[in-house]
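One structure is given below, encoded as structure tokens.
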Amino acid sequence: MKPEAIRANAPKILTDAQREAYFETGFLAVENLIPGEWLRRLNELSDAFIEESRAQAVSNEALDLGPSHSPDQPHVRRLRALVDRHPDFWRFASESVLADIAADLVGPDVKFHSSKLNYKWPGTGEIVQWHQDIPAWPHTNYSPVTLGVYLTDVPAEQGPLTCLPGSQNGPIFVHRDDQGAWTGSVRDADMATVDQSRAVDLVGRAGTVVALNCRTLHASRANATAQVRPVALFVYSSADAFAWMPAPTPTTHTGEIVRGAPATIAHLDPTPCPVPPDWSRLGYGSIFVAQKAEM
Ligand SMILES: O=C(O)CCC(=O)C(=O)O
């Protein structure tokens, strides 16, 4: 669906001005969208997984652990396939206000794709380099949107997501090095063609929802505070978008319709998209693994 067709449906949660801003810039940050009860539950679950990680020495299908992880000082970079980690994560993705926000941005028929919980720990200096999401999980059109939920306050010093306005209408870059190996990031030479000074930090209080179109260039700086930054990320698309390569981290709910009805006709956007590795053969660590070339 084109933005005009999506906006012809009355929004459920967002204002029309917020939807317009999303289609114009390729991103959005709105505070106070997540009810307090959900925010408490998500934080409770997140804390419990961090506690459990103390007994874990190596990464597994649930946890992506950083190099400094230890029982005393957990360093969980990512909780993978979040909706499979606890039924409440799936209830949140499919039954809460979040799926309604997705419908406001992709149209009334909404398909769930994937989810994860990213942590950014103090003192690790970890950054996420500039990238677009769609080259890792290409679809037949560019409706996919990542909705991020800030579980705690995220000020500028804590490494918020930062986005380049209008980049969703620009080139889709190759996320590989000169030898063709997957890096999960845009090459320096390509980043030199865009004006990085226009980047906007998506700061916000706990309960803020950020929305990023799948083509929007984004990154995040190191966390310079003393607090960990947990951000839960959920990807949705219009029902008429179909993934044409295996998902990097499929979940048991990938492809489920969470609002409206399944599509009977696929929407094919003619804009070419680079082909990612076949994750079903190669396996996928995480963006942190790829950007540090640990694959
Ligand atoms: O956690 C972050 O700061 C950025 C995450 C991100 O862009 C991603 O996982 O694709």
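Residue numbers run from 1 in the order of the sequence given. What you see below is based on every heavy atom in this structure, not just the backbone, and it leaves out hydrogens, waters and symmetry mates. One-based numbering, in listed order, for ligands and for the atoms of each.
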Query raised in the report: Do Asp64 and Lys116 sit within salt-bridge range, that is, some charged N less than 4.0 Å from a carboxylate O?
Result: no
Query - Closest non-hydrogen atom pair between Arg77 and Glu126, with its separation - result: CD-OE2, 3.5 Å
Query - Nearest option to atom 6 (C) of ligand 1, as decided by whichever heavy atom of Arg221, Lys116, His131 sits closest - result: His131
Query raised in the report: Going by heavy atoms, is Asp133 under 4.0 Å from ligand 1?
Result: yes
Query raised in the report: Do you reckon Ile172 sits in the same ILVMFWY cluster as Phe27, going by side-chain contacts under 4.5 Å, direct or chained?
Result: no
Query raised in the report: Which ligand 1 atoms does Asn118 reach within 4.0 Å, using its non-hydrogen atoms?
Result: 1 (O), 2 (C), 5 (C), 9 (O)
Requested in this report: Compare every heavy atom of Phe173 with every heavy atom of Pro135, then report the nearest pair and how far apart it is.
Outcome: CG-O, 3.7 Å
Query - Numbered atoms and elements of ligand 1 in range of Arg78, under 4.0 angstrom, heavy atoms - result: 9 (O)
Requested in this report: Could you check whether the rings of Phe112 and His253 sit parallel, tilted or perpendicular, using 30° and 60° as the cut-offs?
Outcome: perpendicular
Query raised in the report: For atom 2 (C) of ligand 1, which of His218, Lys120, Arg229 has the closest heavy atom?
Result: Arg229
**Report entry** Val231 contact mode with ligand 1 (heavy-atom cut-off under 4.0 Å)
**Finding:** neither
